[in-house]
Amino acid sequence: MSDPSPVRPAVPVLDVWCELQCPDCRGALDDVRALRARYGDRLELRLRHFPLEKHKHSFAAAQAAEEALEQGRGWEFVEAVLERVAELDRAGEPFLVEVARELGLDAEEFDTALIDGRHILIVDADQAEGKAIGVSGTPTYVIDGERLDGGKSQDGLRERIEQIADRLLAAQE
């Protein structure tokens, strides 16, 4: 006998290619927050890492963000770090552990994760995929196969993302 419950379609995914030491990503925070507020769990915002060589703490920050995701507070951690980019610039890895502590996360586990490199493969894979699809800077968004470059300008990007998300959601109804 077949299951009578309808199969719920997967929610649309918005990949957010981000770098936690990037001032442009800091500027995009309001858009990311607005998208999360508007769509909730109807749109999956997926953090993707694209650390840039010019920012010496960005690779460690990406690993720390993965640890925060593992501990269930990824976006909260990302926002907290981006709000204080200048502190990350100055203090580096100890700042990442301090933010984890401030958020009530297991700071010792953050420290260990940065030492043992358990999240390096995820960050490397994201960076390689980003390069393969043409990401050259951050923030960059990808939704329904369309790449939107926020590193040049954020103007109109949230509206474009909302148009695409609304279209995808309407198609599921």
Should [X] and [Y] be counted in the same cluster of Ile, Leu, Val, Met, Phe, Trp and Tyr side chains packed under 4.5 Å apart?
X	Y	answer
V135	V32	no
L168	Y39	yes
L69	F77	yes
I161	F50	no
Y141	L169	yes

For [X] and [Y], which heavy atoms make the closest approach, and how far apart are they?
X	Y	result
L45	W75	O-NE1, 3.3 Å
A60	L114	O-CD2, 3.4 Å
I143	V13	CG1-O, 3.7 Å
W17	G130	CH2-N, 3.4 Å
L20	A61	CD1-O, 3.5 Å
L47	A65	CD2-CB, 3.9 Å

Does [X] use its side chain to pair, donor to acceptor, with the backbone of [Y] at less than 3.5 Å?
X	Y	value
S58	L52	yes
E79	L29	no
R73	L103	yes

Do [X] and [Y] sit within salt-bridge range, that is, some charged N less than 4.0 Å from a carboxylate O?
X	Y	answer
E83	R33	yes
D126	R46	no
R84	E98	no

### Message
Do C18 and P139 have side chains that approach each other closer than 4.5 Å (heavy atoms only, starting at C-beta)?
### Response
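Contact flag for C18/P139 side chains = no.
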Would you compute the distance between atom [atom1] of [X] and atom [atom2] of [Y] and round it to the nearest 0.5 angstrom?
X	Y	atom1	atom2	value
E162	L14	CD	CG	10.5 Å
E129	R48	CD	CZ	4.0 Å
I133	D15	CD1	CG	7.0 Å
R26	T138	CZ	OG1	14.0 Å
E159	I164	CD	CD1	12.0 Å

### Task
Not counting sequence neighbours, which residues clear side-chain hydrogen bond (donor to acceptor under 3.5 Å, both in side chains) with H57? List them please.
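Partners of H57 by the side-chain hydrogen bond (donor to acceptor under 3.5 Å, both in side chains) criterion come out as none, since no residue qualifies.
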### Task
Could you identify which residues cluster with I120, counting Ile, Leu, Val, Met, Phe, Trp and Tyr as linked when any side-chain heavy atoms lie under 4.5 Å apart, either directly or through a chain of such contacts?
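I120 shares its hydrophobic cluster with F59, V123.
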### Task
Identify which one of I115, L96, L105, V99 satisfies the side-chain contact (heavy atoms from CB on, under 4.5 Å) criterion when paired with F110.
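Among I115, L96, L105, V99, the one that satisfies the side-chain contact (heavy atoms from CB on, under 4.5 Å) with F110 is L105.
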### Message
Between V81 and L88, does the side chain to side chain contact (heavy atoms under 4.5 Å, CB included) criterion hold? Intermediate values first, please.
### Response
CA-CA 7 Å; V81 172; L88 176 57; 3.8 Å; yes
### Residue pairs involving residues 51-71 (criterion salt bridge (Lys or Arg N to Asp or Glu O under 4.0 Å); sequence neighbours excluded)
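Every salt bridge (Lys or Arg N to Asp or Glu O under 4.0 Å) pair that includes a residue of residues 51-71, provided the two are not neighbours, is E67-R118.
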### Message
For R147, is the CZ atom crowded, meaning more than 12 foreign heavy atoms sit under 6.0 Å from it?
### Response
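No, because the 6.0 Å sphere around CZ of R147 holds 12 heavy atoms or fewer from other groups.
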### Query
Going through the distances and angles, do R101 and D111 end up as a salt bridge (charged side-chain N to carboxylate O under 4.0 Å, His left out)?
CA-CA 11 Å; R101 185 174 289 111; D111 196 37; over 6 Å; no
